[in-house]
Amino acid sequence: MEIYTDTLTKTENYIICLIRCLMWDQPVPPVPQDLPCRQLLDFSRRHSIEALVFRGLRPLDKNGQINAQWQTRADIALAQSIVQLQERDNVIAALTAAGIDVLPIKGCWLKELYPDINDRQMSDLDMLIHPKDALPAGKLLKKLGWQQSEVCYLHTTYKKPPYTALELHTSMLPDIDEHRHYYDNVWDKAQKQAPGLYRLKPEDEYIYYFLHLNKHLNEGGTGLRSVLDSLIYQRSFPEMDKAYVNSELDRLGLGTLRQQVEVLCRCWFESGEPVPEELQPMARAICDCGSLASLESRTRKRMEKLGRKYPNPIIRFFAYSLPRFFRPLSEMRRRYPILDKLPVLLPVFWVVRLISMMIHNEKGFWQHLRSLFGKGESHG
C-alpha cells in the first residue's frame, strides 16, 4: 500500500494511512524506520487522535518501542470514554426525569458510531436544552456533583472530576454566527427517542456537522478528526437523503465546503488516492492546525472577517469586543442568579464578570488581549 502522497510530511501521510487501514479493517503498514515515535505522538495529540493511532500501532510494537507515555495516555482516554458515556446517560436520565427536554449533539452520539468507542476522543459532552430550562437544569446538575465552570455565548460549561465536562447549550450556534437563525426551530426538526429525549435525523445531524465545521474554520481551523467524522456519518447512514442535505447546504452557502470535505475525506480515509491539487492548501491547513485552533489564530480570523465589514480599526475593535464582554441578561443570569430578581443590576455584573476574567484569566483573557493588540497589523 502506498503511504506517501501529495505534499504532506511523512508523519502526516503515515498517520492518515494508518487511520484509513483501521477504518476499513486492513493491515496497518510498518512504521518507517526514519519516523520517530515521538513525532507520531505529538501529531496525534494535537489532533486528539492519540488513542486511535495507538490502536493501530500497538500490534506493530514487537520490540516495545512505543513511548510508555503513549500507553498511559491511551489508557486514560479509554477510562475517560467509559466515564463520559456513563455520565451522558446519567445526565439524560436526570434531566428528562425532571421534565427537561434534552437533545444530545455532536460527539455525544457520534462517538458510538466509530469502530471503537476510544477512536473518537472528545473533550466534553454537548447537550441542547430549552433556554427556559437553563437555570433548573443547572441546579439539578449541581446536586449531581457537577460544578459550573463558565458561561459562554451559547452554553454553560459544567465539570465533574476527574474526566468529564458538559456543555449545556441553549442554542445550536452562537448569536454571532452568520447561520444562527437556521436552527431557530431546531426542536421542530428533532425526533423523540424517549420521554424528554430527542435526536436529529441523520440528515440534520450531518448538516449541523458542516455548520459546526464552518464555524471552526472561520475561527481559525480544524484538524483530521473533523474530516474523519464525515466518513463516519456517511458510512453509518448510507440511506441518508443526500439530495436534502445538498439542497440545504447549498442554500446555506456551504455546498462548496461539503464537496471539498467529502473529496478530502475520500482521498484520505477511503481510496488513498492523491488529494487534488486545488485541495492541497486545505489539506495542508488542516494538518497544521490540529483539533483546536490557537487563540491567536481564532482572534486573527475573526478580526479579518470583521475587517471586511468595518474598515475603521476602532469600530472593528468594538464590534469584536463588546459582544464578548457584555453578554445579554439571558446569559448573565445563568452565571449570576441574583439577576433573576434584580435585572437592573446587569451593568454592575458586567463589571464583576470583566474583573473576574482579569483576575482568573478566564477564557485566556490576557492572552486574548495580547493577541488582539499584538497582531493588530494583520487584522485588516
Side-chain angles (χ1 to χ4, degrees), residues 2-24 26 28 40 43-53 55-56 105-107 109-111 113-116 118-123 126 202 205-238 240 242 245-246 249 254-294 297-298 301:
E2 181 67 31
I3 298 176
Y4 303 121
T5 59
D6 310 322
T7 58
L8 303 185
T9 67
K10 283 186 178 181
T11 296
E12 293 158 353
N13 273 294
Y14 179 76
I15 286 180
I16 288 169
C17 177
L18 177 148
I19 294 172
R20 182 168 65 248
C21 292
L22 290 177
M23 291 301 106
W24 299 102
Q26 297 173 348
V28 175
L40 297 175
F43 181 85
S44 300
R45 181 185 296 147
R46 284 199 298 112
H47 288 261
S48 299
I49 54 173
E50 60 256 55
L52 170 60
V53 175
R55 183 166 75 85
I105 53 177
K106 297 194 287 186
W109 292 130
L110 186 61
K111 185 178 184 68
L113 300 179
Y114 272 73
D116 186 286
N118 216 23
D119 286 349
R120 211 294 185 175
Q121 293 171 234
M122 57 183 185
S123 57
D126 293 274
E205 286 187 349
Y206 196 43
I207 290 168
Y208 179 61
Y209 157 76
F210 280 105
L211 284 162
H212 188 70
L213 177 63
N214 180 66
K215 180 177 80 74
H216 276 291
L217 291 172
N218 285 338
E219 290 181 347
T222 191
L224 284 183
R225 189 183 63 184
S226 294
V227 180
L228 183 57
D229 284 346
S230 175
L231 170 69
I232 299 303
Y233 273 117
Q234 294 181 77
R235 196 168 68 173
S236 300
F237 304 108
M240 186 164 49
K242 292 300 288 290
V245 171
N246 296 347
L249 290 173
L254 299 177
T256 299
L257 176 63
R258 177 195 62 78
Q259 294 172 4
Q260 292 172 333
V261 170
E262 290 185 349
V263 170
L264 193 57
C265 178
R266 184 172 64 250
C267 293
W268 277 355
F269 304 126
E270 292 186 69
S271 67
E273 63 192 83
V275 172
E277 185 176 354
E278 65 272 16
L279 288 185
Q280 289 185 13
M282 182 181 190
R284 176 74 269 147
I286 288 171
C287 287
D288 285 343
C289 181
S291 58
L292 289 175
S294 68
S297 176
R298 296 199 305 270
K301 277 274 190 178

Approximate separation, where rounding is to 0.5 Å, of Ile19 CD1 and Trp24 CH2: 14.0 Å
With salt bridge (Lys or Arg N to Asp or Glu O under 4.0 Å) as the rule and sequence neighbours excluded, what pairs involving residues 259-268 come up? Lys242-Glu262, Arg258-Glu262
Please list, chain by chain and in numerical order, all residues satisfying side-chain hydrogen bond (donor to acceptor under 3.5 Å, both in side chains) with Ser271, sequence neighbours excluded. Glu273
Partners passing salt bridge (Lys or Arg N to Asp or Glu O under 4.0 Å) against Lys106 (at least two apart in sequence or in another chain): Asp126
If you round to the nearest 0.5 Å, how far is CH2 of Trp268 from CG of Leu228? 10.5 Å
Flag side-chain contact, heavy atom, 4.5 Å: Pro115 against Arg55: yes
Just how far is it from atom CG of Leu231 to atom OG of Ser236, taken to the nearest 0.5 Å? 8.0 Å
Got a second to check how far Ile207's CD1 is from Leu211's CG, nearest 0.5 Å? 7.5 Å
Among Val261, Leu257, Leu249, side-chain contact (heavy atoms from CB on, under 4.5 Å) partner for Asn214: Leu257
Under the salt bridge (Lys or Arg N to Asp or Glu O under 4.0 Å) rule, collect the residues that match up with Arg284, sequence neighbours excluded. Glu12, Asp288
Any non-hydrogen side-chain atom of Val275 less than 4.5 Å from a side-chain atom of Met282? no
Heavy-atom side-chain contact between Arg235 and Leu113 under 4.5 Å: no
Would you say that Ser44 contacts Ile15 through its side chain, given a criterion of any heavy-atom pair below 4.5 Å between the two side chains? yes
State whether the number of non-hydrogen atoms from other residues, nucleotides or ligands found under 6.0 Å of Glu278 atom CD is greater than 12. yes
Taking C-beta and beyond as the side chain, do Arg225 and His47 meet within less than 4.5 Å on heavy atoms? no
Side-chain contact test, heavy atoms from C-beta onward, threshold under 4.5 Å: evaluate it for Gln260 versus Val227 and give yes or no. no
Expected output: side-chain Tyr233 to main-chain Leu110 donor-acceptor under 3.5 Å: no
To the nearest 0.5 Å, how far apart are CZ in Phe269 and SG in Cys17? 11.0 Å
Measure across Pro274 and Cys267 and return the closest heavy-atom pair with its distance rounded to 0.1 Å. O-SG, 3.6 Å
For Phe210, enumerate each residue passing the ring-ring contact (aromatic ring centres under 6.0 Å, His included) test, keeping only those at least two apart in sequence or located in another chain. Tyr206
Gap separating the CD1 atom of Ile286 from the SG atom of Cys289, nearest 0.5 angstrom: 8.5 Å
Applying side-chain hydrogen bond (donor to acceptor under 3.5 Å, both in side chains), name anything that partners Asp229, two or more places apart in sequence or on another chain. Tyr114, Arg120
